[in-house]
Participant: 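Starting off with a structure, shown below.
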Amino acid sequence: MDNNKLKLQWGKKAKDFLVGKKIVDVYYHTPKQNEEIFGDDYSTNVRIVFSDGHWITASKDDEGNGSGVIFTTSKEIPTIPTI
């Protein structure tokens, strides 16, 4: 499948999942949560929790090989770092 088709396909899936959700909590993962997601990664990052119980978090790659930073458009907080 060509790259443009993949972008459209995954873009629609992401949009369908994210648009309209309400964020109800944001916090750095507990050690147990971090272990469940990233294995033995020694850094952690934020979990963004939605009102429907779903959540998202950043990873270095699509295999979950470690925490990832989140970039923002805020001048006060241009990135939300791993710690």
Side-chain angles (χ1 to χ4, degrees):
M1 184 177 291
D2 76 40
N3 202 18
N4 286 332
K5 222 177 215 182
L6 277 174
K7 285 180 187 176
L8 288 171
Q9 203 172 42
W10 279 104
K12 180 176 177 356
K13 287 181 183 188
K15 186 175 187 173
D16 290 347
F17 177 68
L18 292 169
V19 170
K21 290 211 185 290
K22 179 181 177 190
I23 296 172
V24 295
D25 201 3
V26 176
Y27 61 89
Y28 277 85
H29 293 118
T30 65
K32 184 176 191 262
Q33 290 169 330
N34 207 59
E35 173 74 25
E36 289 169 352
I37 301 167
F38 302 116
D40 61 1
D41 187 32
Y42 297 104
S43 59
T44 188
N45 64 333
V46 295
R47 177 179 289 211
I48 300 168
V49 183
F50 302 111
S51 60
D52 64 3
H54 287 284
W55 53 267
I56 59 174
T57 194
S59 176
K60 290 182 200 180
D61 59 30
D62 58 358
E63 295 175 344
N65 290 317
S67 299
V69 302
I70 298 173
F71 289 90
T72 79
T73 55
S74 169
K75 289 182 182 184
E76 292 78 32
I77 181 170
T79 60
I80 302 170
T82 59
I83 297 177

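Please read these numbers as outputs of a predicted model, since none were measured by experiment.
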Participant: As an exercise, state the distance from OG1 of Thr57 to CZ of Phe38, rounded to the nearest 0.5 Å.
Facilitator: 4.5 Å

Participant: For Ala14, what residues pass the side-chain contact (heavy atoms from CB on, under 4.5 Å) criterion, not counting sequence neighbours?
Facilitator: none

Participant: Can you sort out the partners of Phe50 under ring-ring contact (aromatic ring centres under 6.0 Å, His included), two or more places apart, ordered by chain and number?
Facilitator: none

Participant: For Val69 versus Ala58, what's the shortest heavy-atom pair and its separation?
Facilitator: O-CB, 3.7 Å

Participant: Which residues satisfy the side chain to side chain donor-acceptor pair (under 3.5 Å) test with Ser43, sequence neighbours excluded?
Facilitator: Asp41

Participant: According to side-chain contact (heavy atoms from CB on, under 4.5 Å), who are the partners of Glu76, at least two apart in sequence or on a separate chain?
Facilitator: Ser74

Participant: Where is the tightest heavy-atom contact between Gly64 and Ser59, given as atom of each residue plus distance?
Facilitator: CA-OG, 3.3 Å

Participant: So how far is it from Ile48 CD1 to Ile80 CD1, rounded to the nearest 0.5 Å?
Facilitator: 6.0 Å

Participant: Apart from Val19 itself, which Ile, Leu, Val, Met, Phe, Trp or Tyr residues share its cluster (side-chain heavy atoms under 4.5 Å, direct or through members)?
Facilitator: none

Participant: For Arg47 and Ile37, work out which heavy atoms get closest and say how close.
Facilitator: NH2-CD1, 3.3 Å

Participant: Looking at every non-hydrogen atom in both residues, tell me the closest pair between Gly68 and Asn45 and how far apart they are.
Facilitator: O-ND2, 2.9 Å

Participant: Asp2: which residues meet the side-chain contact (heavy atoms from CB on, under 4.5 Å) condition with it, sequence neighbours left out?
Facilitator: Asn4, Lys5

Participant: Is there a path of hydrophobic side-chain contacts, each under 4.5 Å between heavy atoms of I, L, V, M, F, W or Y residues, that connects Ile56 with Ile77?
Facilitator: yes

Participant: Are Val26 and Trp55 joined in one hydrophobic group, where the rule is that I, L, V, M, F, W and Y side chains link up if heavy atoms are under 4.5 Å apart?
Facilitator: no

Participant: Using the rule that two of Ile, Leu, Val, Met, Phe, Trp, Tyr join whenever any of their side-chain heavy atoms come within less than 4.5 Å, decide whether Val49 and Leu18 are in one cluster.
Facilitator: no

Participant: Please name all residues satisfying salt bridge (charged side-chain N to carboxylate O under 4.0 Å, His left out) with Glu36, sequence neighbours left out, ordered by chain then number.
Facilitator: Lys32

Participant: Who passes side chain to side chain donor-acceptor pair (under 3.5 Å) against Thr44, sequence neighbours left out?
Facilitator: Asn34

Participant: Got a sec, which pairs hit side chain to side chain donor-acceptor pair (under 3.5 Å) with one end in residues 8-27, sequence neighbours left out?
Facilitator: Lys12-Asp16, Lys21-Asp52, Tyr27-Gln33

Participant: For Lys75, which residues count as a side-chain contact (heavy atoms from CB on, under 4.5 Å) partner, sequence neighbours excluded?
Facilitator: none

Participant: Can you run down the salt bridge (charged side-chain N to carboxylate O under 4.0 Å, His left out) pairs that involve residues 55-65, sequence neighbours left out, and say none if there aren't any?
Facilitator: none

